[in-house]
Amino acid sequence: MLKTLAVVGLQFGDEGKGKIIDYLASRFDIVARYQGGANAGHTVVVSGKTYKFHLIPSGILNKKICVLGNGMVIDPVELLKEMEMVEEYSPLKRILISERAHVVLPLHKEMDKIEEEIKSNSRVGTTGKGIGPAYQDKYARIGIRFGDLLDKNLLEKKIAINSKFKEMYLKENYDLKKIAEEYWRIGKKLKKNVVDTSAFLRKSIENGKSVLFEGAQGTHLDVDFGMYPYVTSSNTTIGGVITGLGIPPKYVGKVIGVMKAYTTKVGEGPFPTEIKDSTAKYILEKGNEYGTTTGRPRRIGWLDLNLVKYSVSLSGVNYIAISKIDILSGLEKVRVAYAYKIGNKIIRNLPSNIDDIYRLEPVYKEFDGWEFTELDVRKEIPKNMMNYIKFIEKFTGAKVRILSLGPARENTKILATI
Ligand code: IMP
C-alpha cells in the first residue's frame, strides 16, 4: 500500500487538482499542503454541494487531518472564513497550521496592486491576494509567521517594523494596532491548531500514517522553473514538498501529476498553444473556464505536451490524472503540440528566456474526436480517445491512471490502481 503520494500541477494551474485530491484523500490519513496561499482555488463538488477552497486542503471533506505547511502564506481572516464554511467537518479538530507559515497582511494586498500598476504593460496578472509581497517579506526576513499571532505585544512590534519598509509605497492609512488585535484574536482562537507541522508529519510517517501532499498552481508558474517573470512566488514543483513541509525526500513515495486535456492559463505571459477562435469559445463555455479565485475568463489553448513532458521530468512524475477530457467530446478534430518551431528550426526543449518562449510556434499532431461524457463513466473508452491517452503516455513517459469526466467524485474513471 502506497504510504505517501505527492500531487503536482503539470500546466499553468487550474488543472483540476482539487477534485483529484478530494478523490484520492479517502485513502490517506493526512492531507498536507506545501505552498501558495489564497491565490489557489480548488473546487470540489460533494453530494451536489460545491465547495471552493483557497487555503484548506480539499481533504477536509473526507474528514482527514489537514496540514497547512510552512511553505504557505496564509491570510488568517480568509482561513477563518473557510473554516466556517466547512464547520460540519470539525475543522478545529482536524486542521494543523505550521507555526512557521507566513501571514498575509492587508498591506501585502495593496502592495500587490501597486506593483502591478508600476509594471503596467509587463504586469504579471496576479490574483491580487498579496502572495508575492508576503513571500518577499519572508525572504527579506521581515515576515510575520503564524506562531507570532499568539503573542500580542510581539505581533504589534513586528507589524510596525514590517509596515515601515512599505511607507514609501502605501497610500492607504492602516490602523496597525487594529490589524494586530484582529490577527491576535484569530491566533488565540486557533492556538491549539498552530503547531510544528514538520515534526508532526515526520513522526506520523515514521509511525506508518499515510500522507497525500497537496500542491497548488502548476509547474509553469513555479518561481524557478516556470515562465519567469510570469510566475507565482513559490516552488510549485517537487522541491516545494520537501521545503514547504519540512520532510526528507525519502518520505516522498510516488508523484501524480494532474493535467487538463487541453491547456488554460490566467494572467499574462506566453502561451504557445493559445487559440482565440470558435473552438476556444466552445471550450471556455462548456468547460466553465472562469477563475475560481478571481472570476477572470481563462485563456484557452490546445494541449501542449512539451510543457507536460517538462513537468513530468522535473518532478519525477509516475502517474498522470487527466481532467476535463469530457469537454473535448464532440469536437471533430483535437490537436496536441509535440514540438515547437522558431522559423524553420525545430525546438524540443523549453527555453528559459521569456523572449525565446514568446517566439515558439507549436507543431501539432491532429487526432480524430470522440464522444464520451460523464454519463459514459462505466463504459469502455472509445478508440479515438484512447489514441489521445496513449500518445500522452508515450510522449511523457508517465502512466495515465485517472480520468475526470465531470466535477463530481463519481464522475471519475480509474484506468488502473495507483
Ligand atoms: P499570484 O500567485 O497571485 O502572485 O499570481 C501570479 C501568477 O500566477 C498570475 O498569472 C496568476 O494568474 C497565476 N496564478 C496564481 N494562482 C493560480 C491558480 O491557482 N491557478 C491558476 N493561476 C494562478
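For this chain, numbers begin at 1 and follow the sequence in order. This structure is a prediction, so every number in the text was calculated from the model and none was measured. Remember, it's 1-based here, ligands and their atoms both numbered in the order they're listed.
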Legend entry - atom 2 (O) of ligand 1: nearest protein contact (heavy atom, Å): Thr232 OG1, 2.6 Å

Legend entry - Lys281 bridged to Glu289 by N-O distance under 4.0 Å: no

Inset, instruction - Could you list which atoms of ligand 1 come closer than 4.0 Å to a heavy atom of Thr126? - result: 1 (P), 3 (O), 4 (O), 5 (O), 9 (C)

Legend entry - Criterion salt bridge (charged side-chain N to carboxylate O under 4.0 Å, His left out) against Glu88, the qualifying member of Lys63, Arg94, Lys49, Lys93: Lys49

Inset, instruction - Return yes or no for this condition: an N or O of Glu268 is under 3.5 Å from an N or O of ligand 1. - result: no

Inset, instruction - Please verify whether a non-hydrogen atom of Gly125 lies at under 4.0 Å from ligand 1. - result: yes

Inset, instruction - Would you please determine whether Ser233 falls within less than 4.0 Å of ligand 1 on a heavy-atom basis? - result: no

Legend entry - Subset of ligand 1 atoms that lie under 4.0 Å from at least one heavy atom of Val266: 10 (O), 12 (O), 21 (C), 22 (N)

Inset, instruction - Flag Arg296 as yes when one of its N or O atoms lies below 3.5 Å from any N or O atom of ligand 1, and as no otherwise. - result: yes

Legend entry - Ring geometry between Tyr338 and Phe395 (parallel below 30°, tilted from 30 to 60°, perpendicular above 60°): perpendicular

Inset, instruction - Say whether Asp112, considering both its backbone and side-chain N or O atoms, lies within less than 3.5 Å of an N or O atom on ligand 1. - result: no

Inset, instruction - Could you tell me the residue and atom name of the protein heavy atom closest to atom 6 (C) of ligand 1, and the distance to it rounded to 0.1 Å? - result: Val231 O, 3.3 Å

Inset, instruction - Would you please indicate yes or no on a ring centroid separation below 6.0 angstrom for Tyr388 and Phe367? - result: yes

Legend entry - Location of contacts on Thr292 toward ligand 1, heavy atoms closer than 4.0 Å: neither

Inset, instruction - Consider every N or O of Gly132 and every N or O of ligand 1, then say whether any pair is closer than 3.5 Å. - result: no

Inset, instruction - Might you point out which heavy atoms bring Val31 and Pro57 nearest each other, and give the distance in Å? - result: CG1-CB, 3.7 Å

Legend entry - Parallel, tilted or perpendicular: ring planes of His220 versus Tyr310, cut at 30 and 60 degrees: tilted

Inset, instruction - Using salt bridge (charged side-chain N to carboxylate O under 4.0 Å, His left out) as the criterion, point out the one residue from Lys158, Lys166, Arg145, Lys164 that pairs with Asp137. - result: Lys166

Legend entry - Euclidean distance, Leu245 CG relative to Glu214 CD, rounded to 0.5 Å: 10.5 Å

Inset, instruction - Select one of side chain, backbone, both or neither to describe which atoms of Phe12 lie under 4.0 Å from any atom of ligand 1, heavy atoms only. - result: backbone

Legend entry - Check: Asp14 N/O within less than 3.5 Å of ligand 1 N/O: yes

Legend entry - Closest candidate by heavy atom, reference atom 14 (N) of ligand 1, pool Thr293, Leu221, Asn39: Leu221

Inset, instruction - Using a strict cut-off of 4.0 Å, indicate which atoms of ligand 1 neighbour a heavy atom of Val124. - result: 6 (C), 7 (C), 10 (O)

Legend entry - Closest to atom 16 (N) of ligand 1 among Gln11, Lys129, Gln217, Glu15 (heavy-atom distance): Gln217

Inset, instruction - Kindly indicate whether a cation-pi arrangement holds for Lys365 with Phe391, taking the cut-offs as under 6.0 Å to the six-membered ring centre and within 45° of the axis. - result: yes

Inset, instruction - Report the distance from atom CG of Asp75 to atom CD of Glu82, rounding to the nearest 0.5 Å. - result: 10.0 Å

Legend entry - Taking atom 3 (O) of ligand 1 as the reference point, the nearest protein heavy atom with its distance: Thr127 OG1, 2.6 Å

Legend entry - Ile56 and its side chain to side chain contact (heavy atoms under 4.5 Å, CB included) partner, picked from Ile95, Leu61, Ile97: Ile95

Legend entry - Part of Met227 within contact of ligand 1 (heavy atoms, under 4.0 Å): neither

